[in-house]
*Asks:* 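Have a look at the structure that comes next, please.
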There are 4 protein chains.
Amino acid sequence: MAPRTPGDRTGPRLRADAARNRAQILAAARTAFRELGTAAPLDEIARRAGVNIATLYRRFPDRDALVQQVVLDGFAAVAEAARRALETAPQDPLAAVERFLLRLVDERDTLVLPLIGGPVATSPEAVDLQGRIAPLLDEVLAHARSRGAIRPDVTHMDLITTGALVCRPMPYLPAEQAKALATRHVRIFVDGLRPGDARPLPPTPAHQDITVHLHPDTKGG
Amino acid sequence: MAPRTPGDRTGPRLRADAARNRAQILAAARTAFRELGTAAPLDEIARRAGVNIATLYRRFPDRDALVQQVVLDGFAAVAEAARRALETAPQDPLAAVERFLLRLVDERDTLVLPLIGGPVATSPEAVDLQGRIAPLLDEVLAHARSRGAIRPDVTHMDLITTGALVCRPMPYLPAEQAKALATRHVRIFVDGLRPGDARPLPPTPAHQDITVHLHPDTKGG
Amino acid sequence: MAPRTPGDRTGPRLRADAARNRAQILAAARTAFRELGTAAPLDEIARRAGVNIATLYRRFPDRDALVQQVVLDGFAAVAEAARRALETAPQDPLAAVERFLLRLVDERDTLVLPLIGGPVATSPEAVDLQGRIAPLLDEVLAHARSRGAIRPDVTHMDLITTGALVCRPMPYLPAEQAKALATRHVRIFVDGLRPGDARPLPPTPAHQDITVHLHPDTKGG
Amino acid sequence: MAPRTPGDRTGPRLRADAARNRAQILAAARTAFRELGTAAPLDEIARRAGVNIATLYRRFPDRDALVQQVVLDGFAAVAEAARRALETAPQDPLAAVERFLLRLVDERDTLVLPLIGGPVATSPEAVDLQGRIAPLLDEVLAHARSRGAIRPDVTHMDLITTGALVCRPMPYLPAEQAKALATRHVRIFVDGLRPGDARPLPPTPAHQDITVHLHPDTKGG
DNA sequence: GATGAATGAGTTTTCATTCAT
DNA sequence: AATGAATGAAAACTCATTCAT
């Protein structure tokens, strides 16, 4: 199965030129959001996309609609990375976890607003995608646990958290160095996942999945 | 030696009410910057601080002056945490590293814009503070290495990077959960610092210190 | 003679679907103009009519063309009401006047922009229609005067003014109540037309007909 | 007691220049609303008032706040006219009614959005003013009825309705002629209020006061 | 004949900054 | 020292109009 093209929609098919514009807007939005935050000027995004601001508004009726689509594309990329990790998990589950995280680092331009700490996505498509990611990672972790390759108290939330942390933009750091630092961090983190004489992990306050229970107006941490 | 109060300045002493206003402005700025980014509206910051916008301008002639002071206070907090880590490093250096990172997590409200990935601070005070942090951490790491308690290729940059990652705001996550997730992440990371059969770490492209060479207009990663 | 269908035109006959679209556009325009004024967004009118904005433009090359047609339809309705009033004037001229006014109230949805106080219509058709209305009303009034049923100084302008007043939209009032209030007002007004000890009416500054001399850019009263 | 200056407020006193600006904004808004409707461009209003658009926004946080104040001033003028009518009602109640209506006509520039058919005002001040008008007019009518000078079924609603009708702008008619036509209309209407062989008035659907029960989103008549 | 799409030119609203009190 | 007030400039958003399918 081919991966979904970022930004696919379910509505009526767009004319070719409109679809191209839409893709350019989303690409420009991803970059701008990483550089300037989700409050980035929309006309700057339109300018970078090479379209008129009104064209942007035709595709995305307000800022939130644009943010939501960008978030959704991020979820899709994470889901795809998790799916691939599961493919190679049987051979070497810990390597699969590391590849999963490094893949997220590689695609962090797309993962503008990923998961933990990003804007909440409550659209049906977003909830659906979020619901798919956890089981895939759980399955990867199950492989690792059955081999004794991983400390037992690690959960998919730890992986998602780590993905979120290492993908967040470091606006003042050249991409090359940002990637190197993230790669080193992932290496150490994954080594920390091995059982050995690992100390038990502290619990999280709520045992529910966090991602899907966020509220936009909650002051966060 | 008593720790510096955040926001101390070297200029003429302020009247009591003026000093109080200044402190309230800085506190409001920290919160606003975490929630809204460094482009947060200045009158919103003034409103939260309970002062008139013109009063804010009297204390900080432009946005950058305010950002710089907030960054500086962040550096001071990191330096203080590193100093304390060094005090306990002789007994258990790895525990000292973990306490260092967890202290940063606890103070992440103050560490608004810390270190890697934040705005560049080039004021003499900031450069001075940054220059103190690395040696302190190097000394902590030296203790650990001499005991064989840590993989040998870890550097102070890895610690600073990790501190930056786990302190960045997760605006949509309740503070309680954000802290819990960060704490788990730190635990795994620190366990990953142990030698054991640790794999060697990939190198960083430039061996220079990164923090002080950043430029605000560089497209980052 | 069958009454003219509102919005008939003299040009080439339209295809059935085109004619339907045109009628829907005019109906939507009437409603929108009453609710939002003649500056109502054209795409809102198109949306209400269920057609694309470009279709509206095909039928009416600019806003004024649409306004003019709506005004014209209003004049046609007034002319028709005056014609009917004249039919029954011989029996009871004052009752004919009241029926004339009440008919306008009933059709006020069509009389979007009627007569006094509305946009000026200078098209030949509009001028023609306006020129027909005054003589018809004069004839009705002549019947009344010859019977002594009306105070002598009432003119057709007073009737047209009253029609304009009672037909203007009351956007925040439920239609039911708006009609009731207008009906009561008409009753009192018509009773005020009786001779009895009626006081003479104050003169109007210009004795010319007012309607056709208006200019759109004149600041009005 | 001196009449309230239009636009008085209960908040903290404004600085002299700010108060002047505020008054100019309200005057410009009245004119613009009459000419262009309540959707008149706010920057046009600011321009006419000779202030920057941002100054307008400082005084009136959104369009509705401005509309509400203009409406409120209109109510105040009506209340004042009713109060004066009551003063002279004992001598000649019908003349008092006519003067009341003609005063409204004279002040129709202030009565931008009066009463029936205008935007709903639900602020405490507006409700209070509306609640004062009806009793004043009722008292005037009581004088007239006790003298047998008026048909018995006329209510204050009929007077308010008439005031609203004759004050509504006729944007395309020169002020001079608009006033003349309104004056003639008032004369006829007031003559229609005399008892004589007056026919009974049709009832209104709801016997409650209408003005204060309107809802802004109700499609009106 | 109808429509999806795009755009330039507004209009609304916000915000940084300065001034006078 | 602090504040109310004002403003220019920018950004969000809307709308009339045209074009290509």
Side-chain angles (χ1 to χ4, degrees), chain A residues 11-22 39-47 50-64 66, chain B residues 14-22 39-47 50-64 66, chain C residues 14-22 39-47 50-64 66, chain D residues 12-22 39-47 50-63 66:
Chain A
R13 191 181 301 292
L14 291 177
R15 239 165 56 181
D17 53 347
R20 189 168 52 251
N21 281 344
R22 185 170 184 279
L42 292 184
D43 59 359
E44 170 72 10
I45 293 175
R47 206 185 49 69
V51 302
N52 186 282
I53 177 66
T55 299
L56 186 153
Y57 271 91
R58 161 174 271 270
R59 288 295 146 237
F60 303 97
D62 54 24
R63 176 186 299 279
D64 192 56
L66 182 54
Chain B
L14 291 176
R15 235 167 58 181
D17 56 343
R20 190 168 52 253
N21 281 346
R22 185 169 186 280
L42 291 184
D43 56 1
E44 169 73 10
I45 293 174
R47 205 184 50 69
V51 303
N52 187 281
I53 177 66
T55 301
L56 186 153
Y57 270 90
R58 165 169 283 271
R59 288 292 145 244
F60 302 96
D62 54 25
R63 176 187 299 277
D64 193 54
L66 183 54
Chain C
L14 291 177
R15 234 167 59 181
D17 55 345
R20 189 167 53 251
N21 281 345
R22 186 169 185 281
L42 292 183
D43 56 1
E44 169 73 9
I45 293 175
R47 205 184 49 69
V51 303
N52 188 281
I53 176 66
T55 300
L56 186 153
Y57 270 91
R58 166 169 280 271
R59 288 292 146 243
F60 302 96
D62 55 25
R63 177 186 299 276
D64 193 54
L66 183 54
Chain D
R13 191 182 301 294
L14 289 178
R15 239 165 55 181
D17 54 346
R20 188 167 55 250
N21 282 344
R22 185 171 184 278
L42 292 184
D43 60 356
E44 170 71 10
I45 293 175
R47 207 183 50 68
V51 303
N52 186 282
I53 176 67
T55 300
L56 186 154
Y57 271 90
R58 161 174 270 270
R59 288 295 147 238
F60 303 97
D62 53 25
R63 177 185 298 279
L66 182 55

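Below, all heavy atoms of this structure are taken into account, side chains as well, without hydrogens, waters or symmetry copies. Source: prediction; values computed, not measured. Reminder, nothing fancy here: chain letters follow the sequence lines and each chain counts from 1.
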*Asks:* Rounded to whole Å, how long is the line connecting atom CZ of C/Arg58 with atom C1' of F/dC19?
*Replies:*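 Answer to the nearest Å: 13 Å.
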*Asks:* Between CZ of D/Arg47 and CG of D/Asn52, what distance do you get to the nearest 0.5 Å?
*Replies:* 13.0 Å
*Asks:* Could you grab the distance from atom CZ of A/Arg15 to atom CZ of A/Arg22, nearest 0.5 Å is fine?
*Replies:* 16.0 Å
*Asks:* Expressed as a whole number of angstroms, how long is the span from C/Leu56:CG to F/dC15:P?
*Replies:* 15 Å
*Asks:* To the closest 0.5 Å, what do you measure between CZ (B/Arg58) and CG (B/Asn21)?
*Replies:* 11.0 Å
*Asks:* Would you kindly give the CZ-to-P distance between A/Arg22 and E/dG4, to the nearest whole Å?
*Replies:* 17 Å
*Asks:* Between F/dA5 and D/Asn21, is there an OP1 or OP2 to side-chain N/O distance shorter than 4.0 Å?
*Replies:* no
*Asks:* Here's a test of your reading of the structure: between B/Asp17 and D/Val51, which maps to the more 5' nucleotide of DNA chain F?
*Replies:* B/Asp17
*Asks:* With the criterion being N/O to N/O and under 3.5 Å, what pairs connect the protein with nucleotides 15-17 of chain E, and how long is each?
*Replies:*
| residue | atom | partner | partner atom | Å |
| --- | --- | --- | --- | --- |
| E/dA16 | OP1 | B/Leu42 | N | 3.1 |
| E/dA16 | OP1 | B/Arg63 | NH2 | 2.6 |
| E/dA16 | OP2 | B/Leu42 | N | 2.9 |
| E/dT17 | OP2 | B/Tyr57 | OH | 2.7 |
| E/dT17 | O5' | B/Tyr57 | OH | 3.3 |

*Asks:* Any sub-3.5 Å donor-acceptor pair from A/Arg59's side-chain atoms to A/Leu66's backbone N or O?
*Replies:*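 No.
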*Asks:* Would you compute the distance between atom OH of B/Tyr57 and atom CG of B/Asp43 and round it to the nearest 0.5 angstrom?
*Replies:* 8.5 Å
*Asks:* Determine yes or no for a side-chain-to-main-chain donor-acceptor pair under 3.5 angstrom, with C/Arg63 supplying the side chain and C/Ala40 the backbone.
*Replies:*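 Pair found, side chain donor or acceptor close to backbone of C/Ala40.
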*Asks:* Of all heavy-atom pairs between C/Leu56 and C/Ala46, which one has the smallest distance, and what is that distance?
*Replies:*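 Distance-wise, the nearest heavy atoms are CD1-N, 4.0 Å.
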*Asks:* What nucleotide among F/dA1, E/dA6, E/dA2 has an atom nearest to a side-chain atom of B/Arg59?
*Replies:* F/dA1
*Asks:* Would you sketch DNA chain E in dot-bracket for me? Only Watson-Crick or G-U wobble pairs with both distances under 3.5 Å count, crossing pairs as [ ], other-strand pairs as |, the rest as dots.
*Replies:* .||||||||||||||||||||
*Asks:* With DNA chain E as reference, determine whether A/Thr55 or C/Ala19 sits nearer its 5' end, using the nearest nucleotide of each.
*Replies:*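 Looking at DNA chain E, the more 5' nearest nucleotide goes with C/Ala19.
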*Asks:* Could you state the CG-C1' distance from C/Asn52 to F/dA20, rounded to the nearest angstrom?
*Replies:*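 Value for this atom pair: 13 Å.
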*Asks:* So, OP1 or OP2 of E/dA6: does either fall under 4.0 Å of a side-chain N or O from A/Arg15?
*Replies:*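 No.
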